[in-house]
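The next block holds one structure in the form of structure tokens; read it before the comments.
Chain A is the first sequence line, chain B the second, and so forth, proteins listed ahead of strands; every chain is numbered from 1. Every value quoted in this text rests on a predicted model; they were computed, and no experiment measured them.
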Amino acid sequence: MIRFIIKRLLTMIPLLIGISFLCFAILQISPGDYVLSLTSGDQFSEELRRQITHEFGLDKPWPIQYLLWLGNALHLNFGMSLATRQPVTSVLWERMGNTMILSLSSLALAWGLAIPLGILSAVKRNTWVDRLNSLFAFTWISIPSFFVALLALLFAQRSGLFPVGGMHSADVDLMTGPEQFVDLLRHLVLPTLVLGLGGCAGIMRQMRGSLLDTLRDNYITAARARGLSERKVIVKHAVRNAINPLITIFGFSLAGLLSGAALVENVMAWPGLGRLILESVLSKDIYMVMGAFMLGATMLMLGNLFSDILLAITDPRIRLGK
Amino acid sequence: MSFQRRRAAGRLVLIRPSKLCAKLALPGIVLMMSTGCGGNAHPAGPDVRLTTEDMADYFKTKAIGKPGGRFIDVTYGDPKTFNPLISNETSSSDHLALVFNTLVNRNPESTKFEPALAESWRSSPDGKVWTFKLRKGVRWSDGQPFTASDVVFTFQLVYDKTIPTTARDVLTFAGHQLDCRQVDDLTVEFSAPIRLGPVLDAMTAVQILPKHKLESIWKSHKFNQAWTVGVNPDEIVGTGPFTIAKYVPGQNISFRRNPYHWRLSADGAQLPFLTGGVTQIVPDRNTMLLRFNAREADYLWLRPEDWSVVQAGESAGNYTAQNVGPAWGFTYFSFNVNPANKNIPEYKRAWFKQKAFRQAMAYALDRDNMAQTVLRGMGRALWSPVSVADPVFYNKSLPAYPHDPAKASALLASIGLSHRDAEGVLTDAQGHRAEFTLLTNNNNNIRLALCTAIQENLRAIGVKIIIQPTDFNSLVARLRESFNWETMVLGFTGGPEPYTGRNIWMSSGQSHVWWPRQQKPGTPWESEIDAIFDAAASEPVTARRKTLYDRWQAILYEEQPLVFLVTEDSLVAFRNRISNIRPNARAGVTLPVIRWNSYEFSERAGAGAAKLRP
């Protein structure tokens, strides 16, 4: 097992280098650069533009820029954000916690709801319970999340029950510690619902489908024929086998922990990584974007590794490293 | 330096927070940490009281109010830097305008210059030397005295070629930089080998920085990394009404009253009235509006589409919605005549080069209709780059460009565009079709709607327009580097002094839209405009500059290198909770539109208190 993990971790390195090359190339091939986007105003002289371009090293050919970046990145120095002249890692670090809070709460809500509802739907297939669940799922899948976010904020403003976006109130500096915590929870409710319910719908359908497949298998019929209680058949035998594909999905959703939900974060003014990445991509703050992409790619690979390990634990047929 | 030390040692008394909270009456300045006495968790700064003698030379405003309270507002994006010289966009400069001051202010209400850090100024008879007398008794927010050495230091930074600042270009007059010299502790002298023109206007662009905080950083070549948004805000020392208390990325910036600010209220109390403020960062316009409606913001600016809804809620919501009129900015429709653009067929460039073609475009457009539909009546038609809001330089003798499609068709016929093909598009004798691509940025709905209006107006006279909404970065790349475009709709922010727009109007300028960075002027009228701006650089008398700028506007009116479209009114809404809010669209160049006079803001008792704690 440990050998397997080490091997997987080592293979991540060339993979990350490949990903970084692709990302860098795409960023550079698309037109414009950070300094150019500043110069749309009338007061930005050509001389000043050349000066800043040179200062940031953007005047070198891009393969050279990439090699310089890669050399630094291998020493875990991800460079400086062009927009704020701060180290990329410190800017990412500031936002990481905020994104983590929101993704963990919405992930918990999504999975906590989706698994039981999915099982219920599969067991009560084609009854009104199943249909109601399906209606719920398809509604959430088909409405774009940023629109739901806007509706949620409208609800917050009209009802006055929740704050209109953000992570803290403007007067948070006047609050005591426990008050600040309650303030955070109040701000967390709506974005969690928007992201959590949106995520829940898809997972629920997966769970339902997977369990339905399993319930058709012969060994389930055999278990029932042997007089096992329906509860035991479902929980101990069917669900345990049906959950395999969901564990893979779970690994992928772990990758999303640190990539953030740009659109919802934008609408709900949540100070997360998604918003930061979106702003950086739009302004072509390339080192910031590269840093964020590398973080995202690493999380994706770690999430995958984690789900492989989970699979090995839940499914005795899978043996790692062989 | 010895002066500073003597002053600091003799007059400044610092009292550490005493456990007994004993009040000590001492001559001069008494500094007490209010938080040290417990009970008051307010994030206000140290409680400094200046004596009347200290404030003898301070600037008396007409503001009436009472001390206390905070402003709570919203902004679109995170600040990128707290270094005023490096800042390039309003998301940074809007905040720094509260923290720093310039030598001279342009009062947005009168549009006249008024003293700020400089108390008075005069120029030598030959106009080559300008002397500024600084205000006595001004202190930085850390209590250090402000002197002429700070001004000289700031100008050393401005002219330091290793610092990427747009101020350097603003402070260069017909190629000459200013020589800045300290005469005594409170007098600075600027000189140049030529007679200096719009010096005062240029001074409104330079915020004075503290030498005692930045000199060692600059000398160690780290100025460009100084005062990033990650810095400890206590390091950012200014003379403005507020200082930055805290910045939480993606969430908010909080401000604290500067206890040493140099402005006084009508009854001689030190300003600002408010103890601070919080600016929340809300990246979505709809969310901003919802937050204002939820009473979580005191004021915000509005889009034309928000106006009717917000105005309808005025009395119920206890706020004021106000159209503060046109600002300095303008949108234009232009044609590429740059020979560096190899992708455009020669016959099209030949059309663009003809005055008759450009005038035809100007006559074909229904600008009033654009203002009515696209801007929903919240804006007006334009035919000059100088804003109608400008009481000085706007050339009133130029009549409105009428919407006259018949005249447009006649003008096009005069250059050989008279036949229509099967599709109804005009063609010349060789069968070349009058069909052009129109570029604009895809994230500006108003510009996209203007493009559609242009498309319809021109279709009526047989000119086909293909709109190409383009990502902003690639648009700028095409405008600045490849010059690969045919026609374009974009805008400039403009300003009260046309000379600051010389990069657009002079043929050598990098923003000379239709053909930037020309070696020598391509046409006689461009060369006349070049001469006008060179003359304005050394013309200090406003009336004579007006004569120059009147001629410049007349040339643009005749030649139409840019067909001006519309200007948007600035729309704002503000809660009645805070008094003395007087939004002014004309503040918008160097100062924020709503909080340009934040030092006068005062909390009104019982007028719809904010939901948040004051």
Side-chain angles (χ1 to χ4, degrees), chain A residues 30-34 36-49 51-52 55 80 83-87 90-91 94-95 98 146 149-150 153-154 156-157 160 163-176 265-272 275-276 278-279 282-284, chain B residues 41-43 72 77-78 80-81 86 88-89 161 164-166 168-170 224-225 228-230 245-246 248-252 254 278 280-284 286-287 290-291 293-294 296-297 471-481 490 492-493 500-501 503-504 509-511 517 612-614:
Chain A
S30 66
D33 64 44
Y34 171 73
L36 199 62
S37 69
L38 291 179
T39 59
S40 59
D42 50 325
Q43 307 221 324
F44 215 91
S45 72
E46 192 57 29
E47 183 200 353
L48 186 58
R49 187 190 134 194
Q51 185 194 340
I52 303 184
E55 185 191 347
M80 172 176 91
T84 66
R85 293 168 183 262
Q86 283 181 296
S90 76
V91 180
E94 275 167 3
R95 303 285 184 111
N98 303 342
F146 74 90
L150 206 55
L153 289 186
L154 191 66
Q157 188 251 312
V164 183
M167 188 168 144
H168 288 293
S169 300
D171 52 355
V172 69
D173 48 347
L174 306 181
M175 294 178 181
T176 60
E265 282 178 4
N266 222 39
V267 171
M268 305 203 98
W270 191 268
R275 208 171 111 191
L276 179 78
L278 185 70
E279 283 162 14
L282 290 180
S283 66
K284 297 213 77 175
Chain B
H42 211 278
I72 290 169
D78 276 275
K80 304 291 180 286
T81 176
I86 309 257
N88 279 318
E89 15 65 59
K161 282 209 153 55
T165 176
T166 53
R168 190 155 54 245
D169 203 40
V170 177
N224 294 353
Q225 275 74 45
T228 62
V229 288
K246 198 178 175 193
V248 190
Q251 297 189 51
N252 58 53
S254 44
V278 182
Q280 311 166 80
I281 297 157
V282 179
D284 185 89
N286 298 309
T287 311
L290 286 172
R291 204 171 269 202
N293 286 334
E296 290 177 33
D471 162 65
F472 188 69
N473 287 316
S474 97
L475 181 79
V476 178
R478 288 166 80 169
L479 189 62
R480 284 292 176 102
E481 281 187 333
L490 269 181
F492 280 115
T493 45
T500 54
N503 286 328
I504 308 170
Q510 77 279 358
S511 306
R517 304 205 293 273
L612 304 160
R613 269 175 253 201

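Using a 4.5 Å cut-off between heavy atoms, B:T287 contacts chain A through both its backbone and its side chain. Both the backbone and the side chain of B:N224 come within contact range of chain A, judged by heavy atoms closer than 4.5 Å. Contact of B:K246 with chain A is not made at all, since no heavy-atom distance falls under 4.5 Å. With a threshold of 4.5 angstrom between heavy atoms, A:L282 approaches chain B through N, CA, C or O but not through any side-chain atom. Contacts of A:R275 with chain B are made by side-chain atoms alone, with heavy-atom separations under 4.5 Å and no backbone atom involved. Interface remark: B:R478 contributes no atoms to any contact with chain A (heavy atom separation under 4.5 Å). Contact of A:I52 with chain B is made through the side chain alone, with heavy-atom distances under 4.5 Å. Contacts of B:I281 with chain A are made by both backbone and side-chain atoms, with heavy-atom separations under 4.5 Å.
Between A:L153 and B:N286, the closest side-chain pair of non-hydrogen atoms is not below 4.5 Å. In this structure, the side chains of A:T84 and B:T228 stay at 4.5 Å or more apart for every pair of heavy atoms. Residues B:V282 and A:V164 form no side-chain contact, since every pair of their non-hydrogen atoms from C-beta on lies 4.5 Å or further apart. The shortest side-chain heavy-atom distance between B:Q280 and B:I72 falls under the 4.5 Å cut-off. By the 4.5 Å heavy-atom criterion applied to side chains, B:Q510 and A:R49 are not counted as neighbours. Contact of the B:D169 side chain with the A:L48 side chain is not registered, since no non-hydrogen atoms from C-beta on lie closer than 4.5 Å. No side-chain heavy atom of B:R291 sits less than 4.5 Å from a side-chain heavy atom of A:P163. In this structure, A:S30 and A:K284 have side chains that are in contact, with non-hydrogen atoms separated by less than 4.5 Å.
Chosen from B:K161, B:R517, B:Q225, the residue pairing most often with chain A at heavy-atom distances under 4.5 Å is B:R517. Of the listed residues A:P87, A:P271, A:G272, A:A149, the one with more heavy-atom pairs under 4.5 angstrom with chain B than any other is A:P271. In terms of non-hydrogen atom pairs under 4.5 Å with chain A, the most contact-rich of B:A477, B:G230, B:S474, B:P164 is B:P164. Between chain B and the options A:H168, A:M268, A:Q86, heavy-atom pairs under 4.5 Å are most frequent for A:Q86. Interface check for chain A: of the options B:I86, B:V229, B:N252, the most heavy-atom pairs under 4.5 Å are formed by B:V229.
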Review point. Given the rule in the salt bridge (Lys or Arg N to Asp or Glu O under 4.0 Å) test, do A:R95 and A:E265 qualify, once you have shown the distances and angles that lead to the verdict?
Key: CA-CA 12 Å; A:R95 303 285 184 111; A:E265 282 178 4; over 6 Å; no
